[in-house]
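Hydrogens, waters and symmetry mates play no part in the numbers below; they use all other heavy atoms, side chains included. Below, chain A is the first sequence line, B the second, and so on; all start at residue 1. Computed from a predicted structure; not experimentally measured.
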Amino acid sequence: MRWYIGRRLLQVIPVFLGATLLLYALVFLRPGDPVAALGGERGLPEAVQEQIRERYNLDKPFLVQYLLFLKGVFTLDFGVDFRGREIVDVIAGAFPVTIQLAVMALIIEAVFGIGLGLVAGLRKGGIFDGSVLVISLLVIAVPTFVIGFVLQFLLGVKAGLFPVTVGRDPNFESLLLPAIVLAAASFAYVLRLTRTSVAENLSADYVRTARARGLTRSRVTGRHVLRNSLIPVVTFLGGDLGGLMAGAIVTEGIFNINGVGGTLYQAITRGENVTVVSLTTVLVIVYILANLLVDLLYAALDPRIRYA
Amino acid sequence: MKIRRYAGVTTFIVAGALALTACSGGSSGSNDEPSDAAGEATTGIVSVNGTEPQNPLTPGMTNEVGGGLAVKNIFSGLVYYDSEGASHNEMAESIESEDNQHWTITIQDGWTFSDGTPVTAESYVKAWKYTALLSNGQNQQYFFHDFAGWSDTEDSEIAVEAVDEHTFTVELIAPSADFQLWLGYSAFMPMPDVFFENPDIYSDAPVGNGPYVVDSWEHENVISLRPNPDYKGPRTPKNGGIDIVIYTDENTAYNDLLSDNLDIITNVPSSAFATFEDDLGDRAINQPAAVVQVVQVPEWREEFQGEAGKLRRQAISQAIDREQVTETVFGGTRTPATDFTSPVIDGYSDDIPGAEVLQFDAEEAKRLWDEAEAMDPLGADYTLEIASNADSDHQTWVDAVCNQVRNALDIGCEFYPYPTFDEFLNARDDASVPGIFRGGWQADWPSMSNFLGPVYGTGAGSNDAQYSNPAFDEKLKEAGQAATPDEATALYKEAQQILFEDLPGIPLWYNNATAGYAETVGNVEFGWDSDPILYEVTKSE
């Protein structure tokens with residue numbers, strides 16, 4: 001087990017190098033000149049632009065820029081963005097609220113997705129199953145920003161049930177509505193995955209055996225059907241954690257949450273390579289760790305899977 | 001990214017502007033006290049939407065909206081602008097010159113920075129020299145380009161010298177009758193000694209001399225300004241402080257305004273253009289601003305050169321129904337242009353000889369185009385390209401204009417997009433744009449010269465169409481030397497007549513300031529630069 005975890009952690013290194021190189025190249029290849037745009041319509045004097053390029057190593061060839069970035073990462077000095085803010089501070093400012101939001105969304109989609117999916121799967125073909133199917137299709141079909149604006153307007157502005165925006169003080173109450181919006185699409189997928197999986201397992205041999213041995217209905221459902229049905233769901237949820245964090249741009253914008261999504265978006269439009277790559281690097285690491293966790297969970301869910 | 005240099009827009013309505021012009025146009029630049037604004041001092045904290053500043057909050061670096069709103073409230077300069085764009089002395093005791101070129105400035109006694117050190121002539125001299133020195137890499141370096149000694153290719157000091165503790169002198173490269181109008185712009189604010197000791201660590205809690213001080217700046221979240229107890233000037237805060245709340249999405253800010261979570265919105269989102277005047281009633285603001293939108297006609301395109309080129313420029317201008325576009329595309333949040341400046345600028349008039357060329361007249365347009373065709377045929381399959389950056393919402397109005405051009409002139413016309421703003425800038429700089437292109441001008445200070453010289457003067461910084469007419473340059477020079485502001489205004493109008501003949505750019509419309517406020521606050525006025533005049537806003541706790 002320990003070996004397995006160690007080996008998986010070592011894999012982080014090539015993934016990190018590959019991902020950062022790719023990202024760096026992508027931002028580098030972004031057309032146009034970010035420094036030229038700093039001055040707005042009027043532009044900055046050429047000499048001032050030169051100085052800025054020099055300060056941020058933008059005048060150097062691609063590989064040199066990339067190696068300088070790597071050197072910074074390994075000496076834990078990520079450098080500063082165009083505003084002169086330490087990128088470490090930018091990361092520290094953006095991640096806590098995004099993590100909180102993503103975890104809340106993950107819990108919401110897991111609890112409701114698995115719960116409703118289980119019931120639908122057990123009563124396959126019934127009215128409940130049918131209506132849940134329609135609702136989940138609807139949620140998948142309507143884009144996140146529509147759900148976000150509609151819920152914000154109806155529940156926030158009109159009904160006053162939720163704070164309209166998160167803004168200055170992110171807390172559980174103000175993050176609840178954004179978390180629901182963020183969870184909506186994934187919730188529908190989780191629900192459908194669980195339902196299919198449960199429905200399939202219900203007719204599996206070991207379930208029939210368990211029933212034949214006279215186990216209670218709740219024990220059969222809980223220990224045998226649900227546990228085995230969760231494997232694809234957990235895989236999805238693990239991958240989704242990273243997606244929730246990086247993909248919250250729209251939700252963060254609607255509810256004015258100062259998290260990773262918005263910061264990343266602005267850094268991309270400003271062409272700030274170092275900020276973009278630093279933020280996404282953290283996201284890549286989150287992805288890798290979440291997937292590792294998922295793999296370890298497999299072993300807990302399915303006794304046939306053992307890591308050595 | 002939305003970069004808009006922040007100096008720029010107004011609030012008072014066209015009628016007001018016209019009335020002002022009618023009564024001799026002497027208001028701007030005068031030094032009389034502003035009229036008593038209504039409203040007693042209150043203690044509530046006023047919240048206003050903003051964007052995260054892109055630079056340290058210093059006069060030398062801040063060149064965009066986000067930081068601009070903070071900087072103009074935490075620094076005080078020699079003069080300030082009231083809601084009607086007139087300038088009044090703030091720190092200045094007097095600003096005098098014999099020849100409009102060599103100026104002597106005396107500042108008032110007793111002003112201090114928020115760290116207790118006195119504001120002296122030296123505070124101005126050092127700050128201006130620092131910003132203007134090329135190797136300091138300051139974004140606002142350009143704004144000293146009319147000072148003697150300024151250079152954008154090598155380090156050289158500008159001609160600003162302290163005479164004594166309260167007096168300093170300035171030498172300009174050419175006479176400028178409206179010099180004192182510039183001085184309310186944030187690039188001309190003083191800086192404390194502590195800044196020069198270590199400019200790099202200064203950024204987050206700047207020491208200023210304005211009506212407010214920065215209490216805290218939570219990045220991407222909120223900038224809290226609180227009244228500066230040591231402030232001595234005329235802009236005394238009437239509220240308990242300002243919270244500039246950072247929004248990445250204007251729609252969100254608007255929703256917050258509707259539910260009273262935000263007091264003032266400086267920019268109504270385009271999605272609410274149709275409804276905001278109903279939503280907010282008399283708390284909605286929709287007035288022309290000191291921003292004019294034009295399409296520049298590049299001198300490097302052969303079809304726009306010579307006599308035929310002139311006719312074509314006029315034909316395109318008369319083919320555009322500005323009224324229709326501003327109503328249908330912009331929902332009435334633009335005002336059709338009638339000159340090269342803006343209705344909010346002192347001296348503006350809508351009947352400068354030659355301005356008829358901005359009137360829509362499809363038949364006349366077609367006649368002019370045919371006349372040009374007879375001289376120098378382009379053929380019936382000619383396609384006019386209208387270029388702009390596509391990362392912000394320009395396609396809609398370009399398509400509308402193109403439709404009108406196609407219908408009136410019977411030629412092709414299409415949008416020529418550049419994916420990002422900086423690519424568009426590059427193409428303009430190396431003269432590779434294949435047609436006419438979008439250009440907008442936002443005034444740095446409320447003066448007519450600021451709309452003309454920087455955009456149409458030979459070799460000027462923002463003369464992207466590379467227009468050059470010695471007669472026009474000569475008129476500007478004459479106006480700079482004028483003895484009185486009225487005389488200067490008359491000359492600037494004559495200069496505009498030349499522009500109406502040459503049409504180096506075709507004025508389209510003026511941007512409107514579209515803003516609003518909640519019932520929670522009172523006495524809200526917007527300045528000529530479209531920013532709210534925050535120190536006057538009242539709010540009870």
In terms of heavy-atom proximity below 4.5 Å to chain A, should B/Asp260 be classed as side chain, backbone, both, or neither? neither
Pair count under 4.5 Å, heavy atoms only, with chain B: among A/Val157, A/Thr165, A/Asp89, highest is A/Thr165
Once rounded to the nearest 0.5 Å, what's the spacing between atom CG of B/Asn251 and atom CD1 of A/Ile254? 8.5 Å
Does any pair with a residue in residues 48-59 of chain B pass salt bridge (Lys or Arg N to Asp or Glu O under 4.0 Å), and if so which ones, sequence neighbours excluded? A/Arg83-B/Glu52
Heavy-atom count around A/Lys158 NZ within 6.0 Å, excluding the residue itself: above 12? no
Which portion of B/Glu220 sits near chain A, non-hydrogen atoms under 4.5 angstrom: both
Flag yes if more than 12 heavy atoms outside A/Glu54 fall under 6.0 Å of its CD atom; otherwise flag no. no
Does A/Phe149, at its CZ atom, have more than 12 non-hydrogen atoms belonging to other residues, nucleotides or ligands within less than 6.0 Å? yes
Hydrogens and angles aside, do A/Asn256 and B/Thr252 bring a side-chain donor and acceptor to less than 3.5 Å of each other? no
Taking side chain as everything from C-beta outward and backbone as N, CA, C, O, which of these in A/Phe255 sits under 4.5 Å from a heavy atom of chain B? Side chain, backbone, both or neither. backbone
Determine, step by step, whether A/Gln152 and B/Asn255 satisfy the side chain to side chain contact (heavy atoms under 4.5 Å, CB included) criterion, reporting the C-alpha distance in whole Å, the side-chain angles of both residues, the deciding distance to 0.1 Å, and the verdict. CA-CA 8 Å; A/Gln152 180 185 46; B/Asn255 275 340; 2.8 Å; yes
Is it the case that over 12 heavy atoms from other parts of the model lie below 6.0 angstrom from the CZ atom of A/Phe16? yes
Close approach to chain B in residues 275-288 of chain A, criterion heavy atom under 4.5 Å: none
side-chain hydrogen bond (donor to acceptor under 3.5 Å, both in side chains) partners of A/Thr144, counting only residues at least two apart: none
Are there residues of residues 149-158 of chain B whose heavy atoms fall under 4.5 Å of chain A's heavy atoms? If so, which? B/Asp152
Which value, rounded to the nearest 0.5 Å, describes the distance between B/Ser259 atom OG and A/Phe162 atom CZ? 14.0 Å
